[in-house]
Amino acid sequence: MDHLDALENQSIYIFREAFRKFKDLAMLWSIGKDSTTLLWLARKAFFGRVPFPLVHIDTNFKHPRMIAYRDRMAREWGVDLIVGRNEEALCAGMEPAKGRFQCCNALKTQGLQQILEKHGFKGVFLGIRRDEEGSRAKERVFSPRDKNFEWKYKDQPPELWDQFNTSFGPETHVRIHPLLSWTELDVWEYIRREQVPVCDLYFARDGKRYRSLGCVPCNSPIESKAGSIAEIVEELKVTKTPERAGRAQDHEAAYMMQKLRSLGYM
Amino acid sequence: MDVNDTLRIVIVGHVDHGKSTLIGRLFYDTGSLPEERYREIEKTCREQGREFEFAYLMDALEEEREHNITIDTAQTFFRTAKRPYVIIDAPGHKEFLKNMITGAAAADAAILLVDGAEGVQEQTRRHAYILSLLGLPQVTVAVNKLDLVGYRRERFREIEEEIRRFLGSVGIVPSYIVPLSAREGDNIATKSSRMPWYDGPTLLSALDSFSPAREATGLPLRFPVQDVYVWGGKRIYAGRVESGTVRPGDRVAFSPTGKFSLVSTVEKWNRPDCPQASAGECVGITLEDELFLERGEVMGARENVPAAAREVSASIFWLGNAPLRLNQRYVLKLATSESEVTLSAIPERINSSTLEIIERHADRVENLEVANVTFTLHRPMAVDTFEENQRLGRFVVAEDAFVAGGGIVREVWSDTVGAQARVIRLDVRLMTEPDGNFVDLSREAGPIEFDLSPGFLDRLEGGEKVAIRLRTADQLETLARLAFGHRMGFEFRREGEGGKVVLFRERPVRLPAAEETGPVI
């Protein structure tokens, strides 16, 4: 069993554990490579079917090619897709110019909150990884959010030997992180091995590509010649630039990501 | 073996002995620190008017940086020429032991860090003890901050001796003990010229010598049922092969129910006619017979399934804020099964740092203590001892639905011994007081059988004795056979209507050559 097999099996185990323990499950699909890998793993875990709906939080600032890719894959794989938008905030004209913290919090965090409430989801799969940024490195696989959506990162229960905490208060929802132990390179090596179809914004055009997909105004492409999955894998093996370098919200102020995430950001 | 397989390393030790600094150094010296991460840390440090602090790499939370401590475990990644590594940083503060355990339970190997100036401290010992309870066999000791003691060989030798002695007492043999300075970069990636007296490996070569925790392919098959899916006309038992290998056609049985069948197929997505599944693989199993098994059943080969335990004795660590209490109910979760249990005995309560026995026959276990305990299971559960099979021999204890402790199974008692005769258990619980080792059989009218635990024999070996009050000569005979079979010494005295027997472990006794006639039993 090689490294990717070990990661894959670990993720499948987590999926099945969550599916067993929670009734109202959904999976957050951001259209990026991580949550698409997550979707692939869900199909493996459940022998080809995805026994819960997918949720995409649309901020209205996503690249049109992301939306086109989303709709095509949803059709092809026959998944149940729910698109959520914080209409109230969008109508009030929320945009990054009003402050990135405010914008992320309104369009993403609150957008997610609305969808979870509307559908009564108790467990949500997310494709976050520990190597993405510091506060994610501290996450547990099963991570509860209280009724105010807050993450109590200062006092997390122990998690060992795949015995996850799966009983929480009635007003809590649980984030489930099957990809927590994967690295960016693992994800791309897995995509290459499994031939998972990913959004074409990741591949270089005119010397630039997106390393991480987000909202158009707050996400810039990196200099790159990597036009294929194999070239991306090679690029990542030598790069010294972090994955989220192009994501403006990470660099706005010290601890901004921790603060966003303690309020329920993904 | 795939040499490129990632190795997961946990770094443990006392607070302020330099864990986070060591991690920063490992990153820096292997060229694994992204420039932008470096600049971000530099910027944060500058904004707060501090010198550059490697620890910021792992200590990402604001509170951690403010107070210069690690609160929660974190993971990050670097690579050497040999392979990639995941580094798990575990907090050294006593209050965050649960986070340390969360980190260490996920590791293949450990670095136990000791401050060369301060030497072995409370958490050094506690963490080492926890590593042994987690079953982590690959340990390297890093004696840090030798720059503060002038790189003196004598100081290193002192600490080396002290730590070796302590580790020995918890059953850990360190692979290497490396003298180093994380701040100065001595003996991390390159050999230090400042310690010419040291001829062992650098820390990185020590790490490169470890291997990822092997899947338990060589052990007997254990497949705990995780869930049951009835899809597409098939009843699929989903689960992970914890040890061994399973193939279509295998004759299998289940514990605790004792049901049995033949494996029909091994199911994987997009893999028709899957020939087998081995340890570590999450698959589905279909059977020839419709058995209606539930989650928690464990499949093994027909002639080798785990015991259906009714009672287990275990070594546990307790992390709950409220004490673990005798005669209270808890939930024990082991592999995919769980059962309500009653904590029926606490033979020994142990200080997890000094290893001192705080109390025998205790009625509670406090936060951060370790104990030897017995749980009575309210329904049978498939259990192996930790020694036989780590995967089926370790568990967590939940209180109010939250994991509050964990442990490893030392002995298993099942219902299957002796159908008619009443089973008298001779185990370590009887022997927790030096002179209180007493079993009363004077009310047992029917036939009896003894169920003897290895721990019991060990205690006799250590010089303890057990007194047994008897009712009948039949009991005397059964006891005598037990003593004969296990080389125990045996003293009998008639007392009132019955009798009394004292058992002890026979030591080699030289009889005078003339007296050939020993006691007849």
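Keep in mind that the numbers below use all heavy atoms, side chains included, and drop hydrogens, waters and symmetry copies. Note on naming: letters A, B, ... go to the chains in the order of the sequence lines (proteins, then strands), and numbering restarts at 1 for each one.
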Report summary line: Residues A105(B) and W161(A): closest non-hydrogen pair is CB-NE1, 3.9 Å
Requested in this report: Specify the closest pair of heavy atoms between L319(B) and P158(A), including all atoms of both residues, with the distance to one decimal.
Outcome: CD1-CG, 4.1 Å
Does [X] reach the side chain of [Y], with side-chain heavy atoms less than 4.5 Å apart?
{"X": "Q10(A)", "Y": "R240(B)", "result": "yes"}
{"X": "F46(A)", "Y": "W269(B)", "result": "no"}
{"X": "L160(A)", "Y": "L134(B)", "result": "yes"}

**Report entry** side-chain contact (heavy atoms from CB on, under 4.5 Å) evaluation trace for F164(A) with V396(B)
**Finding:** CA-CA 10 Å; F164(A) 306 109; V396(B) 297; over 6 Å; no
Query raised in the report: Of all residues at least two apart in sequence or in a different chain, which pass the salt bridge (charged side-chain N to carboxylate O under 4.0 Å, His left out) check with R193(A)?
Result: D2(A), D5(A), E8(A)
Query raised in the report: About how many Å separate NZ of K333(B) and CG of N165(A), when rounded to the nearest 0.5 Å?
Result: 6.0 Å
Requested in this report: To the nearest 0.5 Å, tell me how far H3(A) NE2 sits from T6(B) OG1.
Outcome: 3.0 Å
Query - N/O donor-acceptor pair under 3.5 Å between N9(A) side chain and C282(B) backbone - result: yes
Query - Chi angles and distances behind the side-chain contact (heavy atoms from CB on, under 4.5 Å) call for Q226(B), R20(A) - result: CA-CA 8 Å; Q226(B) 188 180 10; R20(A) 169 75 189 203; 5.8 Å; no
Report task. Go through the structure and list residues passing side-chain hydrogen bond (donor to acceptor under 3.5 Å, both in side chains) with W318(B), not counting sequence neighbours. Result -> none
